[in-house]
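Right, one structure below, let's go through it.
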Amino acid sequence: MGCQIYPLPAGLHAIPTDLLDLRPDSEVDHDLLHPKPVSDEKNIWFFWHTGYTHMYPYTQRNIRAWHRRFSRHGWTIRVLDRLPSSPLNVAKFLDISDAGTFPRAFVDGTIGGDYAPQHTSDLVRWPLLLKYGGVYADVGLIQIGDLDRLWRETVGNPASRFEVLSYNAGGVEGRSLTNYFLASGRNNPLFARCHQLLLRLWAADGGKTSTEGMHSSPLLRGVPLMGGSFTIEEDETTIGPEEVSRMLTDYIIQGQVTTMVMGLVDEEDGWDGPKYVAEHVYGIEFMVGSQLINDMTGWDGQKAFHLMSLSLPKEGEVESAEQKQAREIVEACLQKSFGFKLAHGLILRVLGDTLGSLWRKHEGSDNVPGTYAHWLRHGTVYWNQDGIPPPLEFKVIEPFKRGPLLREK
């Protein structure tokens, strides 16, 4: 990991080295490729369809940081895949022939569309959490805050009222959990219903092979579409806000499903989503919590990449205006954010290059000693925040729907 010395921002403290796994990358990778069997709920799940060894180097660094930081606290990190001979194949952990777990397109390997790998990964999240419990995170999520402490004080504490951890968009009025970080114990009632609804959407019209058009399902009636004001400029044509909103909603259909279940009152099933959210969901505000670099750079990926690639001032040098901005971004992330989600997928068509896509294009640029990117990475392994993020204080809202979850009217 190197011994580069960076300034320790206020509100953080160094983690004792005996609580970190600081072995060479090759030894950490061996553990990641040969994880111990599941024995409790302290699991951190990831998915990459072609396996950990075929991931992009910057996302491998993300995963190693999770392991270095949390494995000594009893967490086991697993990157599942769909490689036939892999010991980490999803089929080793879940029954992929069970229609109550996966849609036919997953079983047959016929999921199509431009974002088939993303939608394949969407389908493993809830089944893993329902069967085993723990955390599901995207490989593009850099963990910053003290996950172990937050877990111990919430989901992992039988005396706590909280049963679900996630980021939530839209503030205290919003009901939009981000699917790039989901945590719960086994058989969580919110996620169980979410998975039932997602499977029903995939089963429509004799069985879907993509999420295209799912936004229009009668089962989601009443839930606002995502996006709203974005346009896409491609091939000298403009895709308007309404079409982009439908595209984004189909792309993040798992989020739409969650919003519906959070806003559903189903008296026949004894489910009151608005009440459950207010009492049991620990929602972290998502912009500060997981999007702060984007927020502080106006969602300009080129700008974020440039700033994170700058070197810190050497001894005796005066800090430039750009270095000051980069420093403020790193300090703010390490002090205030619970994580940072590197954006990929459909968002690239909407916003252009992101920090994540540029780290992908410029291999190793996220890991150059002396840069602000490296300072951020250093902090996510060696330092911990003094506190944990506050939960949004959800109130009981009017439901989006009253009636059975899987009934259209």
Is there a side-chain contact between Val164 and Tyr282 in this structure, where contact means two heavy atoms from C-beta onward sitting under 4.5 Å apart?
no
Can you tell me how far OG of Ser357 sits from NE2 of His344, rounded to the nearest 0.5 angstrom?
6.5 Å
The single option from Val381, Asp21, Leu147, Ile15 passing side chain to side chain contact (heavy atoms under 4.5 Å, CB included) against Arg69
Ile15
So how far is it from Met308 CE to Leu355 CG, rounded to the nearest 0.5 Å?
7.5 Å
Check whether any side-chain heavy atom of Pro399 lies under 4.5 Å from a side-chain heavy atom of Leu264, and answer yes or no.
no
Donor-acceptor pair, Arg82 side chain versus Val90 backbone, under 3.5 Å?
no
Atom of Asp266, atom of Leu405 and distance for their closest heavy-atom approach:
OD2-N, 3.2 Å
Can any side-chain N or O of Gln335 pair as donor or acceptor with the backbone N or O of Ala10 at less than 3.5 Å?
yes
Check whether Trp375 reaches the backbone of Pro7 with its side chain - one donor and one acceptor, N or O, closer than 3.5 Å.
yes
Could you go step by step and tell me if Arg23 and Asp31 meet the salt bridge (charged side-chain N to carboxylate O under 4.0 Å, His left out) rule?
CA-CA 11 Å; Arg23 294 175 301 156; Asp31 281 8; 2.5 Å; yes
Ser166 side chain to Phe181 backbone, donor-acceptor under 3.5 Å:
yes
Would one find more than 12 heavy atoms of other residues, nucleotides or ligands at under 6.0 Å from atom CZ of Arg149?
yes
Per the ring pair (Phe, Tyr, Trp, His ring centres under 6.0 Å) rule, which among Phe70, Phe162, Trp75 passes with Trp151?
Trp75
His119 side-chain N/O to Tyr115 backbone N/O, donor-acceptor pair under 3.5 Å:
yes
Correct closest heavy-atom pair for Pro35 and Ile77 would be CB-O, 4.0 Å
Do other residues, nucleotides or ligands put more than 12 heavy atoms under 6.0 Å from His362 NE2?
yes
Of all heavy-atom pairs between Ser365 and Leu358, which one has the smallest distance, and what is that distance?
OG-O, 4.2 Å
Check the surroundings of atom CZ in Phe93: do more than 12 heavy atoms from other residues, nucleotides or ligands lie under 6.0 Å from it?
yes
Is the backbone N or O of Leu310 less than 3.5 Å from a side-chain atom of Thr371, with the two atoms forming a donor-acceptor pair by type?
no
I'd like to know whether Tyr58 forms a side-chain contact (heavy atoms from CB on, under 4.5 Å) with Asn367, so could you lay out the CA-CA distance, the side-chain angles of the two residues, the decisive distance to 0.1 Å, and finally the verdict.
CA-CA 8 Å; Tyr58 73 104; Asn367 198 40; over 6 Å; no
Heavy-atom neighbours of Arg104 CZ exceed 12 at 6.0 Å
no
Under-4.0 Å salt bridge between Lys361 and Asp353
yes
Any heavy-atom pair between the side chains of Gln256 and His215 that's under 4.5 Å?
no
Correct closest heavy-atom pair for Asn168 and Ser176 would be OD1-N, 2.9 Å
Just by modelled atom types, is the Arg377 backbone N or O under 3.5 Å from a matching donor or acceptor in the Thr380 side chain?
yes
Let me see the working for Ser290 and Phe338 under side-chain contact (heavy atoms from CB on, under 4.5 Å), right down to the final yes or no.
CA-CA 6 Å; Ser290 64; Phe338 192 64; over 6 Å; no
Derivation of the side-chain contact (heavy atoms from CB on, under 4.5 Å) call for Leu32 and Arg64
CA-CA 8 Å; Leu32 290 169; Arg64 287 191 197 108; 4.3 Å; yes
I'd like to check Pro274 versus Arg175 (side-chain heavy atoms, cut-off strictly below 4.5 Å). Are they in contact?
no
So that I can tick it off, tell me whether Glu268 and Arg407 are bridged by a salt bridge, with the cut-off set at under 4.0 angstrom between side-chain N and carboxylate O.
yes
Given Asn179 and Asp122, is the side-chain hydrogen bond (donor to acceptor under 3.5 Å, both in side chains) satisfied, shown in steps?
CA-CA 8 Å; Asn179 73 342; Asp122 288 349; 3.2 Å; yes
Any side-chain to backbone donor/acceptor pair from Gln323 onto Ser311? Under 3.5 Å, distance only.
yes
Using the six-membered ring wherever Trp is involved, compare the ring planes of Tyr132 and Trp45 and label them parallel, tilted or perpendicular (cut-offs 30° and 60°).
tilted
Fit a plane to each ring of Phe106 and Phe102, take the angle between them on a 0 to 90° scale, and name the class: parallel (under 30°), tilted (30 to 60°) or perpendicular (over 60°).
parallel
Kindly compute the distance separating CD (Gln196) from CG (Leu198), expressed to the nearest 0.5 Å.
11.0 Å
Can you confirm whether Lys324 is buried at NZ, in the sense that more than 12 heavy atoms of other residues, nucleotides or ligands lie under 6.0 Å from that atom?
no
Show your reasoning for whether side-chain contact (heavy atoms from CB on, under 4.5 Å) applies to Phe46 and Thr59.
CA-CA 11 Å; Phe46 297 92; Thr59 53; over 6 Å; no
Hey, what do you get for CZ (Phe394) to NE2 (His280), rounding to the nearest 0.5 Å?
13.5 Å
Less than 4.5 Å apart, any side-chain heavy atom of Pro9 and any of Leu12?
yes
Side-chain contact, heavy-atom cut-off 4.5 Å: Val135 with Asn43?
no
So, Asp269 side chain and Trp271 main chain: donor-acceptor pair closer than 3.5 Å or not?
no
Decide, yes or no, whether a salt bridge links Asp25 with Arg68 under the criterion of side-chain N to carboxylate O below 4.0 Å.
yes
Within 6.0 angstrom of His30 NE2, more than 12 heavy atoms from elsewhere
no
Around atom CD of Glu212, are there more than 12 heavy atoms of other residues, nucleotides or ligands at under 6.0 Å?
no
For Glu243, does the CD atom have more than 12 heavy-atom neighbours from other residues, nucleotides or ligands under 6.0 Å away?
yes
Verify the distance criterion only: is there a donor paired with an acceptor across the side chains of Asp98 and Thr101 at less than 3.5 Å?
yes
Could you tell me whether the side chain of Gln385 and the main chain of Ser337 form a donor-acceptor pair under 3.5 Å?
yes
What is the distance from atom CG of Asp29 to atom OG1 of Thr53, rounded to the nearest 0.5 Å?
9.5 Å
I need the minimum non-hydrogen distance between Leu88 and Arg78, along with the two atoms involved.
CD2-CB, 4.3 Å
Look at the rings of Tyr6 and His374 and say which category their plane angle falls in: under 30° parallel, 30 to 60° tilted, over 60° perpendicular.
tilted
Note: Asp148-Arg72 ion pair, threshold 4.0 Å (strictly below)
no
Leu406 CG to Arg193 CZ distance, which is reported to the nearest 0.5 Å:
10.5 Å
Which heavy atom of Pro103 sits nearest a heavy atom of Leu123, and at what distance?
CG-CD1, 3.7 Å
Between Tyr180 and Tyr167, is the ring centroid distance below 6.0 Å?
yes
Side chains of Val281 and Leu392: does their closest heavy-atom pair fall under 4.5 Å?
no
Trace of the side-chain hydrogen bond (donor to acceptor under 3.5 Å, both in side chains) decision for Asp250 with Thr211:
CA-CA 6 Å; Asp250 283 342; Thr211 63; 5.6 Å; no
